[in-house]
Participant: 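Have a look at this one.
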Amino acid sequence: MIRVQREDFDVGAELDRLAAGNHRVGGIASFVGLVRDLGGGERVAALTLEHYPGMTEKKLAEIELEAHRRWPLDASLIIHRYGRLEPGDRIVLVATASPHREAALAACHFLIDWLKTDAPFWKSEETPEGERWVSARSEDDKAKRRWTGGEQ
Amino acid sequence: MIRVQREDFDVGAELDRLAAGNHRVGGIASFVGLVRDLGGGERVAALTLEHYPGMTEKKLAEIELEAHRRWPLDASLIIHRYGRLEPGDRIVLVATASPHREAALAACHFLIDWLKTDAPFWKSEETPEGERWVSARSEDDKAKRRWTGGEQ
Amino acid sequence: MKLLYFAWLRARVGCAEEEVALPPDITDVAGLLDWLRARGPGYAAALADPSVIRVAVNQDYVGPEHAVRDGDEVAIFPPVTGG
Amino acid sequence: MKLLYFAWLRARVGCAEEEVALPPDITDVAGLLDWLRARGPGYAAALADPSVIRVAVNQDYVGPEHAVRDGDEVAIFPPVTGG
C-alpha cells in the first residue's frame, strides 16, 4: 500500500495492521526515515518536502510492485510525508511482511533504496543562511545499483 | 539495549524511545519476528520458547556490541520473549538507529542473523501429534556466514 | 503541452506550471530544452547544466532523445532527494 | 561441576540440571561427553549424535577439545532455534 500525506503516522499501528490476522507472516521489516539536524555549521531548523503529485504515487506503486515481483511478500507499505518537517520528525516509513525473514529484510532495504532515487520528492532546508535545496547523493545511486546488477 | 522477557512489547513505543531527543538519527531499521502457523499438516497451535538465562543475556550483549563495532549506531535494541506464544504473537524485536540509512539497515539485518544462530533459545511446537522440537535451519548458518566473510 | 517545474528549477524559471504551444520542429526532449533555454535568462540559467536536470514525460523518466508532442505533460526537475 | 541440559536433550536426559563430581581423568569436553554417555541409556541416547549437540562452558560456546574443570558451568543443548 502507498500513502503520500502531510500528516504524521503511527509506526506501531501501521506495522500491526500489516500482518493483522495473517498467521503466515513470520517477519516484518521496517525502516523509518527521520529529519536530521547535524548541528554546528550545518544547523537545520526545518525542511520542506515538495513532491510531484501523481508521479509520486505512480513511482511508489511501481517500486512496490517490483518488490513483490522479486520477493515473496504478504504485504508491504510505503508512507511518505510532504510539507514542513522539523528535526526528529518522521519522513518516511517502509515496511514489508513475509513468511521469510530474509525476504522481508531484503525487500525493505530494496524499497527504501529505490524510493530514494526514483520517487519525485525534493527537500529544501531552512538554515541560518536561508533556504537551501538538498543535493542528491551519489551514494544513493550506488545503493540502487546494487539491486540492478545480477544479484537477485 | 537487551531485554529478555515473557511479556509482549509495544513496537511503536520502543522505536520512538530509540531515537527520542537525538536529532542526529536519520533512520531506524527494525525487524519483528512473529509466530507463524503454516496451516495444513504443519498446523501449529502454539509454541514454547525455552532459553538459557544468563547465557542469553551474555550472547545478546556480545552480538549488540559487535554491531556497534561494525557500524556507526546511535542506539540499538534487542527484545526477545520466552514462554508460550500463539500464532501471530511477537517473538523478537531488533532495532537500530543511525545517522545513516545503510548502517541502520545492515546492522539490523546482522543482529537478527546472528541472534538466530548464537542466542540460546529453543522452540517447541504444539501440533496435533504432540510436542515437536523445532530443528535448526542450515539457512540460518548460511545467513550468518555472510557476515563472517570479508564483506564488512 | 503542459510544463511543470520543481524544486530550485521552479524557483529559477519563476513558475511552477505553464501551458506552451510546441513549435512543430520540436520533436524530442533535447529539442524542447534548447527551445526553453532560448525563452529568457531565467530559463537559460535554470537549464544550463544538463547533469542536474531530470525530465519526466507523462510521469515517466525519459532521456534527451525521447519524443515529445502536444498534449504531453512534461516535468523538469533536479535529481530527487526524498526518503 | 554444574551440568545444564536444554530442549530435547533435557527431556531425554531426564533432568534440567545436576551437580556432578568430575573424575580427575576427565579434562576436556569430549571426555566429559563420553563419561556422561556411560552413565545410563538416557544419557547415551541423548548424546548419541554429536552433530546435534552444542556445548557451552561458563556460558561460552566451546569445541570438544576445550578444557573442563570442577567449578565450571557446562551446558549441553541442541542447535539453537530462537528469533
Side-chain angles (χ1 to χ4, degrees), chain B residues 2 4 31-36 44 47-63 78-83 85 90-94 108-125 130-141 143-144, chain D residues 1-20 22 28-29 32-33 36-37 41-83:
Chain B
I2 303 295
V4 182
F31 179 81
V32 179
L34 303 173
V35 179
R36 279 197 297 167
V44 172
L47 59 76
T48 299
L49 265 153
E50 176 178 337
H51 77 115
Y52 179 178
M55 181 165 171
T56 305
E57 290 80 359
K58 184 168 190 248
K59 285 296 141 191
L60 293 179
E62 285 173 10
I63 295 164
I78 305 175
I79 304 178
H80 204 302
R81 294 175 71 189
Y82 60 88
L85 299 172
R90 282 176 277 267
I91 302 172
V92 62
L93 168 66
V94 166
C108 177
H109 201 153
F110 167 87
L111 283 172
I112 187 68
D113 279 355
W114 272 52
L115 180 158
K116 282 261 176 189
T117 58
D118 278 32
F121 286 92
W122 300 272
K123 291 189 186 105
S124 70
E125 297 173 335
E131 186 189 66
R132 181 178 58 198
W133 288 96
V134 173
S135 298
R137 296 165 65 239
S138 60
E139 290 85 353
D140 288 335
D141 286 326
K144 183 188 167 183
Chain D
M1 170 181 289
K2 187 181 185 179
L3 291 175
L4 302 172
Y5 306 99
F6 292 97
W8 56 258
L9 263 153
R10 171 177 45 70
R12 291 195 198 165
V13 165
C15 75
E17 188 174 332
E18 58 181 333
E19 279 285 335
V20 297
L22 203 61
D28 63 13
V29 167
L32 172 65
L33 293 177
L36 286 171
R37 284 185 191 101
Y43 289 93
L47 303 173
D49 181 358
S51 76
V52 290
I53 291 174
R54 300 291 178 269
V55 177
V57 171
N58 300 325
Q59 307 189 352
D60 277 316
Y61 292 104
V62 299
E65 72 298 332
H66 192 274
V68 291
R69 53 184 65 85
D70 247 331
D72 281 348
E73 174 177 303
V74 178
I76 307 177
F77 46 76
V80 303
T81 56

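Just so we're on the same page: letters track the sequence lines, and every chain starts at 1.
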Participant: D:N58 versus chain B, heavy atoms under 4.5 Å apart: side chain, backbone, both or neither?
Facilitator: backbone

Participant: Mind telling me whether B:W122 and D:F6 have parallel, tilted or perpendicular rings, with 30° and 60° as the class edges?
Facilitator: parallel

Participant: Do you know which of B:D118, B:I91, B:T56 has the most heavy-atom pairs with chain D at a distance under 4.5 angstrom?
Facilitator: B:D118

Participant: Using non-hydrogen atoms only, which part of B:T117 is less than 4.5 Å away from chain D: side chain, backbone, both, or neither?
Facilitator: backbone

Participant: Run the numbers on D:T81 and B:K116 for side-chain contact (heavy atoms from CB on, under 4.5 Å), then give the verdict.
Facilitator: CA-CA 6 Å; D:T81 56; B:K116 282 261 176 189; over 6 Å; no

Participant: Which one of B:Y52, B:Y82, B:F121 has the most heavy-atom pairs closer than 4.5 Å to chain D?
Facilitator: B:Y52

Participant: If you take all heavy atoms of B:M55 and D:Q59, which pair is closest and at what distance?
Facilitator: N-OE1, 3.3 Å

Participant: With sequence neighbours excluded, tell me which residues meet salt bridge (Lys or Arg N to Asp or Glu O under 4.0 Å) with B:E50.
Facilitator: D:R10

Participant: In terms of heavy-atom pairs under 4.5 Å, which option from B:L115, B:V94, B:V134 contacts chain D the most?
Facilitator: B:V134

Participant: Among D:P78, D:P79, D:A7, which has the most heavy-atom pairs under 4.5 Å with chain B?
Facilitator: D:A7

Participant: Would B:H51 and D:V80 satisfy side-chain contact (heavy atoms from CB on, under 4.5 Å), going step by step from the backbone distance to the final call?
Facilitator: CA-CA 9 Å; B:H51 77 115; D:V80 303; over 6 Å; no

Participant: What part of B:E131 is in contact with chain D, defined as an atom under 4.5 angstrom from a non-hydrogen atom: side chain, backbone, both or neither?
Facilitator: neither

